[in-house]
A.B. asks: 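Before we start, here is the structure in question, set down as structure tokens.
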Amino acid sequence: MIDFVTSYTQLYVTGALVGLGLALLSFAGSLAIGLAAALGRISSRRWLRLLTGAYVALFRGVPPLVLLYIVYFGLPAWAHQTGDAALIALLSPLDNRLLAATVAFAINSGAYSTEIFRASILSVQADQMEAARSLGMSYALGMRRIVLPQALRIAVPPLSNELIIVLKGTSLASVIGVSELMRNAQTAASATFQNLIAYSYAAVFYVVFVIVLQSLVRILAPR
């Protein structure tokens with residue numbers, strides 16, 4: 001055990017940092033998608049509510065692993081099959097494993113973030129917007145200055161849980177060859193045949209990450 005830890009800790013740390021970076025990038029994309037889609041979900045425009053509702057229904061139903069395969073293996077190959085230069089230019093960057101994983105996880109998590117933002121916005125009392133409008137603010141300004149700051153305080157705990165889910169989900173990126181923590185654990189297991197130790201050591205890293213993230217949220221969350 002000690003020999004394994006001594007020999008492979010650096011490999012695990014490298015993989016953990018890649019996984020953490022992937023999680024943070026994916027979560028940032030998830031927040032951007034989720035906030036935009038949530039505003040669409042509560043919009044007065046019916047077509048926009050239907051469009052964003054369809055996005056949530058679709059991507060909450062597709063498993064992240066399936067979406068990862070579609071983004072990495074499916075879309076670039078389909079673009080080349082069509083022969084359309086614009087599609088090829090648009091989708092060929094997804095041949096990059098890290099980019100494909102970031103996009104897939106952001107889209108998947110964005111569907112959940114949408115519902116978190118929507119519920120948080122709706123939980124702010126309606127008279128807050130009415131007061132903003134009575135002061136002469138436009139709907140967009142009232143949303144930005146009055147409603148969203150209150151909604152974001154409410155959204156912090158569920159969003160922190162979503163970040164933890166995204167972090168643990170980055171282990172799926174190992175199936176397309178991203179050298180994150182799980183992939184590097186597989187490499188160590190293959191080299192030593194100490195599967196139990198190799199994967200248990202990876203589990204320790206995930207547990208530490210989750211504990212650290214939960215502690216940071218408790219410290220940084222608005223009171």
Side-chain angles (χ1 to χ4, degrees), residues 1-33 59-77 80 91-113 157-220:
M1 176 70 181
I2 295 176
D3 289 341
F4 182 91
V5 171
T6 303
S7 301
Y8 289 99
T9 292
Q10 183 58 47
L11 183 66
Y12 277 68
V13 169
T14 302
L17 291 176
V18 172
L20 181 62
L22 175 59
L24 293 177
L25 287 173
S26 302
F27 189 63
S30 166
L31 293 181
I33 294 171
F59 289 105
R60 286 177 76 182
V62 177
L65 181 59
V66 175
L67 185 58
L68 184 60
Y69 279 151
I70 291 173
V71 171
Y72 181 64
F73 293 114
L75 291 179
H80 284 285
L91 298 177
S92 289
L94 295 176
D95 278 330
N96 181 291
R97 295 183 176 92
L98 198 56
L99 178 61
T102 302
V103 170
F105 294 149
I107 292 174
N108 179 263
S109 175
Y112 294 92
S113 296
L159 285 176
S160 66
N161 289 334
E162 184 60 27
L163 173 58
I164 290 171
I165 292 172
V166 172
L167 175 65
K168 292 190 289 187
T170 57
S171 60
L172 294 174
S174 63
V175 301
I176 62 171
V178 176
S179 297
E180 45 69 64
L181 180 56
M182 188 61 186
R183 178 74 172 181
N184 288 0
Q186 290 171 341
T187 300
S190 300
T192 62
F193 299 104
Q194 299 184 66
N195 293 346
L196 179 60
I197 294 175
Y199 295 124
S200 298
Y201 196 34
V204 170
F205 276 79
Y206 283 113
V207 170
V208 170
F209 270 142
V210 170
I211 292 173
V212 170
L213 284 176
Q214 288 176 332
S215 301
L216 286 175
V217 169
R218 288 195 195 97
I219 295 171
L220 299 176

A.B. asks: Got a second to check how far Asp3's CG is from Thr192's OG1, nearest 0.5 Å?
C.D. replies: 11.0 Å

A.B. asks: Which heavy-atom pair separates Ala173 from Leu22 by the least distance, and what is that distance?
C.D. replies: CB-CD2, 3.9 Å

A.B. asks: Would a line drawn from the ring center of Phe209 to the ring center of Phe205 be shorter than 6.0 Å?
C.D. replies: no

A.B. asks: Got a second to check how far Thr170's OG1 is from Leu68's CG, nearest 0.5 Å?
C.D. replies: 11.0 Å

A.B. asks: Quick check: closest heavy atoms across Ser174 and Met182, and the distance to 0.1 Å?
C.D. replies: OG-CG, 3.9 Å

A.B. asks: Parallel, tilted or perpendicular: which describes the rings of Tyr12 and Phe4, with under 30° parallel and over 60° perpendicular?
C.D. replies: perpendicular

A.B. asks: Would you mind reporting whether Ser171 and Leu181 have side-chain heavy atoms less than 4.5 Å apart?
C.D. replies: no

A.B. asks: Taking the side chain as every heavy atom from C-beta outward, state whether Ser179 and Val18 have any atom pair closer than 4.5 Å.
C.D. replies: no

A.B. asks: Of all the heavy-atom pairs spanning Val5 and Tyr201, show the shortest one and how long it is.
C.D. replies: CG1-OH, 3.5 Å

A.B. asks: With rounding to the nearest 0.5 Å, note down the distance linking CG in Leu25 to CG in Leu20.
C.D. replies: 9.5 Å

A.B. asks: Are the side chains of Pro157 and Asn161 in touch, meaning some heavy atoms are under 4.5 Å apart?
C.D. replies: no

A.B. asks: Can you list the steps and then say if Ser160 with Ile164 is a side-chain contact (heavy atoms from CB on, under 4.5 Å)?
C.D. replies: CA-CA 6 Å; Ser160 66; Ile164 290 171; 5.7 Å; no

A.B. asks: Can you classify the ring geometry of Tyr69 versus Phe73 as parallel (below 30°), tilted (30 to 60°) or perpendicular (above 60°)?
C.D. replies: tilted

A.B. asks: What are the two closest non-hydrogen atoms of Leu94 and Pro76, and how far apart are they?
C.D. replies: CB-CG, 3.8 Å

A.B. asks: Name every donor-acceptor pair, under 3.5 Å, that has one atom in a side chain of residues 97-109 and the other anywhere in the protein, sequence neighbours excluded.
C.D. replies:
unit_1, atom_1, unit_2, atom_2, d
Arg97, NE, Ile176, O, 2.5
Thr102, OG1, Leu98, O, 2.8
Asn108, ND2, Phe59, O, 3.3
Asn108, ND2, Val62, O, 3.3
Ser109, OG, Ser30, OG, 2.8
Ser109, OG, Glu162, OE2, 2.8

A.B. asks: About how many Å separate CG of Asn184 and CG of Leu11, when rounded to the nearest 0.5 Å?
C.D. replies: 4.0 Å

A.B. asks: Measure the spacing between CG of Leu163 and CG of Leu167 and express it to the nearest 0.5 Å.
C.D. replies: 6.5 Å

A.B. asks: When rounded to the nearest 0.5 angstrom, what is the spacing between CG in Leu172 and CD in Glu180?
C.D. replies: 8.5 Å

